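Heads up, the thing below is written out as structure tokens.
A quick note: this is a predicted structure, and the numbers were derived from the prediction, not measured. Chain letters run A, B, ... following the sequence lines, proteins first and then strands; every chain starts at 1.
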There are 2 protein chains.
Amino acid sequence: MPRFVSRTPAITDVAKLAGVSVPTVSRVLTGSVPVSTERRERVLRAIQELGYRPNGAARALIKGHQSVIAVLAGATTRYGYALTIQGIEEAARLAGYIVMITVIEAEDPDTVTKTIDLALANPVAGVIVLKFDPAGIATVRAMPSGVPVVAVAGSRGSGVPHVVLDDTTAAMTATDYLLQLGHRTVHHIAVPLAGRRSGRSAGWRKALERAGAEIPPLMEAGWDPHRAYEIGLTLADRDDVTAVLCGNDELAIGLLRALHEKGRRVPDEISVVGFDGHPLGALWSPALTTVQQDFVDVGRRAFREVVAMIGNEQPPQNSSGTPHLVIRESSGPPPEAKRR
Amino acid sequence: MPRFVSRTPAITDVAKLAGVSVPTVSRVLTGSVPVSTERRERVLRAIQELGYRPNGAARALIKGHQSVIAVLAGATTRYGYALTIQGIEEAARLAGYIVMITVIEAEDPDTVTKTIDLALANPVAGVIVLKFDPAGIATVRAMPSGVPVVAVAGSRGSGVPHVVLDDTTAAMTATDYLLQLGHRTVHHIAVPLAGRRSGRSAGWRKALERAGAEIPPLMEAGWDPHRAYEIGLTLADRDDVTAVLCGNDELAIGLLRALHEKGRRVPDEISVVGFDGHPLGALWSPALTTVQQDFVDVGRRAFREVVAMIGNEQPPQNSSGTPHLVIRESSGPPPEAKRR
DNA sequence: CACACGGATGATAACGTTTTCATGGGAGGC
DNA sequence: GCCTCCCATGAAAACGTTATCATCCGTGTG
């Protein structure tokens, strides 16, 4: 088992052991300027022997430019969050950047500023904030100026550049689809709000308004599928509920479980539509109709955008993601339409 | 929209604007030594005005110790991986560390060394490798010495300190449980191997051997639930298959879907047991019996271990996680046992 | 009144690397 | 054989911050 001695070897140690000057070692490392074969050999051997590894901090200091992107997010394990981070990491790695992840545990100003300070205490080239929830919104608001920041969100916003998945349109598409199947109205189990006038719940409401349909009270389930399950148990007893749009697929699955337990048939009696395109949704019985979002792509776009900001370049044309409705087994016409 | 000027303000600019010396600005920033109220005011105003932000690279350079933990993983979005990373991040943030994530895309030596170099080009205090798959194994093997490294794995290993979830015991527990229910043998759909003599598949085999049960050929499904679904379609036609242990819950769900489509009743005709304790498994119909693993905790333990290595301290007592079997609806006695 | 003491402050060194600049030597052209 | 040019090499500067040390001033004590 290796011991980690108090002082890690520095470039001077390598130079001394190899019998060359410090810049020569540096030249061997960077390969910027040719070094005679014999000296290079000696240097490489010394590096090997000492287990030398260049100090990144010193390098970053002199180079001036950083190559770390900080990602601030309210969570990392939820499907959409994890996939967005995957997209960022992938694009970053291919471009030679490294991704730092920091979770914003709460939305109170104290936690938010403390977390931002922790993240920005490190040499960071740019920041990407996942603005999918209240904590994300508070973070974007509290970000100090002077650092390139990009927000990833379900809808456009102001202050910093936004890279978006059009949640509002997506929710409208799903709601319209259910209305066109003949449902009088669509109920909605919501994830935490990420904006009052935009986002999934807003799209749902807008579509109902436009169609002149009744707008049932919004049911908030947070992020917990079990909460959606509980809501589902009460919903199952109601005849007037024929279609439910869920804020994400996890909630939809909780709801499906409750309806199944209560013996309600999906989609014959109740239609359920989820949100996100969670891969397990396709394996459910009935397979979940959902609005698929390309989270990985939005992550990539966010990275490209923040890199453009770092370089003071023109940002790439920022198309918003085009969500598409994946119709599977959990949705269909309402019972009264069938009876006719 | 803010512009990012070519030269970001440095501490000298702040000192000049505030009319104080550079160390005084530093003292205001760190709070290490008291500064007169009047000067502090001037400094803070100058910082505000210039939008000054200390250069982390310079700080890291002089402090000598880094506060970044690099996490190398074969994936980030899969349930176990994501939760382990969550545990690491949480523990790290509370201790004032920051987590860098880098994905090892493939297991070939070229990709592995290139990715390691990318990650270690940054100032890193320690490294945690998620050794859940072949890529992780290759990474641990290729890690240069001199850097504190901890592996998170399903079983103990050599070379670097390991923090483990005891997958082998866990798989044996699950297999024993099924055998005790009366199943003649247990089939197994496996995730990619993380060691030939240990891990989930090894535990399954060991339990069968010990019980003197027939050892059916192992079915490899990779990480893809759809592959498990396809395997399930063929399995559904066989009478001799009464119990299946799956390498993770996603595979189990794919299998359940296939059995459902084929009209096979679970658990009456076939028992299915998953692995991990995925929260959606509890919402399945039938709810999935699974081996719950505390991934978040193993992440926390890995962080504590790597911090101990950094400080050359005695590592905390490294208990392995105690997985426990969560019996739900998808498992029960085989059909012949019922008939009697 | 002399002296010691302590707190705030500034000058300077230090961290480990890369870059810039100067130097020396060898090869090639006349 | 001499001059020029180029290439490899080393010395020194630079990056932005914190740590160390010395200095100065004011205050309290004998």
Side-chain angles (χ1 to χ4, degrees), chain A residues 5-44 46-47 50-68 117 120-125 146-147, chain B residues 5-44 46-47 50-68 117 120-125 146-147:
Chain A
V5 292
S6 52
R7 208 175 75 82
T8 56
I11 197 170
T12 49
D13 302 316
V14 176
K16 202 172 292 172
L17 181 61
V20 300
S21 72
V22 168
T24 300
V25 178
S26 172
R27 287 188 262 263
V28 171
L29 290 170
T30 59
S32 57
V33 172
V35 174
S36 70
T37 326
E38 181 242 343
R39 277 164 197 257
R40 192 208 319 286
E41 283 290 316
R42 288 218 307 269
V43 169
L44 291 176
I47 288 174
L50 292 173
Y52 167 77
R53 185 156 278 279
N55 180 319
R59 274 192 166 166
L61 175 59
I62 194 151
K63 291 264 178 149
H65 75 97
Q66 323 292 11
S67 56
V68 174
D117 284 348
L120 264 47
N122 295 75
V124 164
V147 192
Chain B
V5 291
S6 53
R7 207 176 75 83
T8 55
I11 197 170
T12 49
D13 301 316
V14 176
K16 203 172 292 175
L17 181 60
V20 300
S21 72
V22 168
T24 299
V25 178
S26 172
R27 286 189 263 262
V28 171
L29 290 170
T30 60
S32 57
V33 173
V35 174
S36 69
T37 325
E38 182 241 343
R39 275 161 199 259
R40 190 206 320 285
E41 283 289 316
R42 288 216 308 269
V43 168
L44 290 176
I47 288 174
L50 293 173
Y52 166 77
R53 184 157 281 280
N55 180 319
R59 274 193 167 167
L61 176 58
I62 194 152
K63 291 266 180 151
H65 76 96
Q66 322 293 9
S67 55
V68 175
D117 284 347
L120 264 47
N122 295 75
V124 164
V147 192

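Going from atom OG1 of A/Thr24 over to atom CG of A/Leu29 covers 11.0 Å, rounded to the nearest 0.5 Å. Rounding to the nearest 0.5 Å gives a distance of 13.0 Å between CG of B/Leu61 and CZ of A/Arg59.
The closest side-chain heavy-atom distance from A/Val35 to A/Val43 is not below 4.5 Å. Contact annotation: the side chain of B/Glu38 never approaches that of B/Glu41 to less than 4.5 Å [non-hydrogen atoms, C-beta and beyond].
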Q: Evaluate side-chain contact (heavy atoms from CB on, under 4.5 Å) for A/Arg53 paired with B/Asp117, printing each intermediate quantity in order.
A: CA-CA 10 Å; A/Arg53 185 156 278 279; B/Asp117 284 347; 4.3 Å; yes
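No option in A/Leu50, A/Val22, A/Val20 other than A/Leu50 meets the side-chain contact (heavy atoms from CB on, under 4.5 Å) test with A/Val14.
Between the P atom of D/dG16 and the NZ atom of B/Lys16 lies a distance of 12 Å, rounded to the nearest Å. To the nearest angstrom, P of C/dG7 lies 15 Å from CZ of B/Arg40. Summarising the geometry, the separation between CG on A/Leu61 and P on D/dA13 is reported as 17 Å, rounded to the nearest angstrom. One atom, CD1 of A/Ile11, and another, C1' of C/dT19, lie 12 Å apart when rounded to the nearest Å. Between the CD1 atom of A/Ile62 and the P atom of C/dC15 there is a distance of 16 Å, given to the nearest Å. A/Leu29 places its CG atom 15 Å from the P atom of C/dG16, with the value rounded to the nearest Å. Per the geometry, CG belonging to A/Leu120 stands 14 Å off P belonging to D/dT17, to the nearest Å. A straight line from CG of A/Asn55 to C1' of C/dT18 spans 13 Å, rounded to a whole angstrom.
Side-chain N/O atoms of B/Arg59 include none lying less than 4.0 angstrom from OP1 or OP2 on D/dG16.
The side chain of B/Lys63 has D/dA19 as its nearest neighbour among D/dA19, C/dT18, D/dT17.
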Find every protein N or O atom lying less than 3.5 Å from an N or O atom of nucleotides 8-10 of chain D, and list the pairs.
residue	atom	partner	partner atom	Å
D/dT9	OP1	A/Ser36	OG	2.7
D/dT9	OP1	A/Arg39	NE	2.8
D/dT9	OP2	A/Ser36	N	2.9
D/dT9	O3'	A/Arg39	NH1	3.2
D/dG10	OP1	A/Arg39	NH1	2.9
D/dG10	OP2	A/Ser21	N	3.2
D/dG10	OP2	A/Ser21	OG	2.9
D/dG10	OP2	A/Thr24	OG1	2.7
D/dG10	N7	A/Arg27	NH2	2.5

